[in-house]
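This one's a predicted model, so the numbers in the text were calculated from it and none came from an experiment.
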Amino acid sequence: MAEIFDVMMMAKELGLTHLGNGEVDLTDERVSNLDYLQNVLQQEMDMRQKARAKKYTKRSRLPDRHYDYNYISSGLQWQLDRIKNFDFKTEHQNIIIIGKCCRGKTSLAVDISLEAIEKGAMVVYVTFEELIKCSSKKSHPWRYLVESDLVVIDELFYTTPTEEELLLFYKAIMKLSNERSLILISNRDLPLWNEMKADRHVIETLSARLSHNSQMIYL
């Protein structure tokens with residue numbers, strides 16, 4: 001008769017960490033062997049998913065905020081339900097969140113990002129200023145950005161960028177938007193970008209590139 005200790009040692013050899021450490025119940029034998037094995041393996045998979053989500057959440061650099069859904073409109077709720085069912089790990093979808101100060105833009109982006117992490121996507125949060133700095137030097141967290149499935153860029157054009165900043169942002173977006181999804185957070189609507197004292201051609205190209213295959217959320 002098999003001993004639980006022996007099963008745990010075999011699980012460790014196979015890399016089934018939670019099973020091998022005794023975190024999965026190995027004593028419930030009231031079901032068939034096949035059902036029991038499926039249940040044990042499902043517990044191992046669930047624990048791995050939770051551990052991965054915890055690791056990805058810490059890696060994401062997301063601020064500790066949560067959106068207040070008490071006063072959300074039915075139209076926005078419908079839109080968010082569709083977004084939260086989206087698989088950012090296998091599909092691309094840009095989201096642009098526009099709104100004035102204190103409307104919950106960053107908090108909403110965090111909630112969307114946490115849903116994506118639960119589904120296995122790698123997410124990284126940066127401000128516009130942080131993106132400019134790390135993209136010019138290819139320093140931390142640039143490596144995280146290019147390895148991620150979803151990049152959240154906050155405080156986009158809250159102030160008018162310099163020509164150098166705009167060019168660096170343009171190059172970073174051309175790199176990032178090719179292979180991953182973006183969430184962009186700004187207090188300026190896209191039509192207002194052209195009113196900034198910046199290179200109009202670069203602004204128009206950015207606006208067209210970022211709005212393609214994008215969902216707009218107005219708060």
Side-chain angles (χ1 to χ4, degrees), residues 56-67 83 86 88 91-114 116-117 121-219:
Y56 283 7
T57 300
K58 182 178 180 180
R59 175 190 183 279
S60 69
R61 308 172 76 249
L62 288 166
D64 185 15
R65 303 184 189 180
H66 295 284
Y67 187 67
I83 290 173
F86 193 81
F88 286 99
E91 303 174 88
H92 292 166
Q93 171 74 80
N94 292 336
I95 301 170
I96 303 177
I97 304 177
I98 305 292
K100 295 181 180 180
C101 182
C102 300
R103 294 293 178 88
K105 301 184 297 297
T106 300
S107 300
L108 181 57
V110 168
D111 279 6
I112 294 171
S113 299
L114 291 175
I117 289 173
M122 296 177 68
V123 180
V124 173
Y125 168 95
V126 289
T127 63
F128 174 77
E129 183 178 356
E130 289 171 336
L131 175 62
I132 297 304
K133 289 180 179 178
C134 73
S135 66
S136 63
K137 300 178 181 179
K138 297 298 183 289
S139 58
H140 181 78
W142 179 256
R143 179 174 60 85
Y144 280 3
L145 296 177
V146 297
E147 292 176 352
S148 295
D149 305 298
L150 174 63
V151 175
V152 183
I153 304 173
D154 203 352
E155 302 176 5
L156 174 59
F157 298 152
Y158 277 31
T159 59
T160 301
T162 65
E163 294 294 334
E164 181 183 5
E165 289 173 337
L166 183 62
L167 185 58
L168 286 170
F169 179 66
Y170 175 84
K171 291 179 178 179
I173 287 299
M174 293 303 107
K175 169 66 176 178
L176 295 174
S177 62
N178 282 331
E179 301 175 359
R180 60 199 52 77
S181 300
L182 305 174
I183 296 180
L184 306 168
I185 306 167
S186 181
N187 60 359
R188 298 189 197 228
D189 199 354
L190 266 66
L192 298 179
W193 290 9
N194 285 328
E195 297 180 6
M196 297 189 299
K197 294 181 179 180
D199 189 314
R200 182 174 295 274
H201 174 70
V202 175
I203 288 293
E204 289 178 349
T205 304
L206 270 173
S207 179
R209 180 66 176 262
L210 294 174
S211 59
H212 177 67
N213 189 34
S214 296
Q215 288 203 47
M216 305 290 298
I217 298 178
Y218 292 93
L219 299 179

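Closest approach of Phe169 to Leu156, counting heavy atoms only: CZ-CD1, 3.4 Å. Nearest heavy atom pair, residue Leu210 against residue Ile96, reads O-CD1, 3.8 Å. Pairing each heavy atom of Ser107 with each of Arg65, the nearest pair is OG-CB, 3.5 Å. Closest approach of Leu219 and Arg103 over heavy atoms only: O-NH1, 3.4 Å. Contact detail for Asp189 and Tyr218: the closest heavy-atom pair is OD1-OH, 3.2 Å. Between Ala121 and Phe88 the shortest heavy-atom distance is CB-CB, 4.2 Å.
Taking the six-membered ring wherever Trp is involved, the centroid distance between the rings of Tyr158 and Phe128 does not fall below 6.0 Å.
No side-chain heavy atom of Ser214 sits less than 4.5 Å from a side-chain heavy atom of Ile95. Counting heavy atoms from C-beta on, the side chains of Glu155 and Thr127 come closer than 4.5 Å. Within the 4.5 Å cutoff, the side chain of Ile97 has no heavy atoms near those of the Leu184 side chain. Residues Lys100 and Asn187 fail the side-chain proximity criterion, which asks for heavy atoms closer than 4.5 Å.
Here CG of Leu206 is found 6.0 Å from CG of Leu166. Values are rounded to the nearest 0.5 Å. Atom CD of Glu204 sits about 9.0 Å away from atom CG of Asp199, to the nearest 0.5 Å. Note that NZ of Lys133 is 10.0 Å distant from CD of Glu165, once rounded to the nearest 0.5 Å. Rounded to the nearest 0.5 angstrom, Ile183 CD1 and Gln93 CD are separated by 10.0 Å. For the atom pair Leu190 CG and Ser207 OG, the distance stands at 4.0 Å (nearest 0.5 Å). Here the straight-line distance linking atom CG of Leu145 with atom CG of Leu176 works out to 6.0 Å at 0.5 Å rounding.
Although no hydrogens or angles enter the test, the distance criterion places a donor-acceptor pair under 3.5 Å between the side chain of His92 and the main chain of Glu179. The backbone N or O of Val123 lies less than 3.5 Å from no partner atom in the side chain of Ser60, so there is not a single donor-acceptor pair. Listed for the Lys105 side chain is a donor-acceptor partner under 3.5 Å among the backbone atoms of Gly99. When atom types are taken as modelled, the side chain of Asp111 and the backbone of Tyr67 share a donor-acceptor pair closer than 3.5 angstrom.
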Would Leu192 and Phe157 count as a side chain to side chain contact (heavy atoms under 4.5 Å, CB included) here? Give the steps.
CA-CA 10 Å; Leu192 298 179; Phe157 298 152; over 6 Å; no
Would Leu182 and Leu150 satisfy side chain to side chain contact (heavy atoms under 4.5 Å, CB included), going step by step from the backbone distance to the final call?
CA-CA 6 Å; Leu182 305 174; Leu150 174 63; 5.8 Å; no
Start with the C-alpha distance between Val124 and Trp142, add both sets of side-chain angles, then the distance that settles side chain to side chain contact (heavy atoms under 4.5 Å, CB included), and finish with yes or no.
CA-CA 10 Å; Val124 173; Trp142 179 256; over 6 Å; no
Side chain to side chain contact (heavy atoms under 4.5 Å, CB included) assessment of Met196 paired with Ile203
CA-CA 9 Å; Met196 297 189 299; Ile203 288 293; 3.5 Å; yes
Arg188 vs Thr160, test: side chain to side chain donor-acceptor pair (under 3.5 Å). Steps then yes/no.
CA-CA 10 Å; Arg188 298 189 197 228; Thr160 301; 3.2 Å; yes
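Within a 6.0 Å radius of CD in Glu129, other residues, nucleotides and ligands contribute 12 heavy atoms or fewer. Within 6.0 Å of the CD atom in Glu91, the count of heavy atoms belonging to other residues, nucleotides or ligands exceeds 12.
Arg200 and Thr205 share no donor-acceptor pair across their side chains, judged by distance under 3.5 Å alone. Donor-acceptor pairing under 3.5 Å is recorded for the side chains of Asp154 and Thr106.
Classification of Glu130 and Arg61 as a salt-bridged pair holds, one side-chain N sitting under 4.0 Å from a carboxylate O.
Cation-pi geometry between Arg59 and Tyr144 is met: under 6.0 angstrom from the ring centre, within 45 degrees of the axis.
Pairs of residues two or more places apart, or lying in two chains, that qualify as side-chain hydrogen bond (donor to acceptor under 3.5 Å, both in side chains) and include a residue from residues 167-178 are Ser177-Arg209, Asn178-Arg209.
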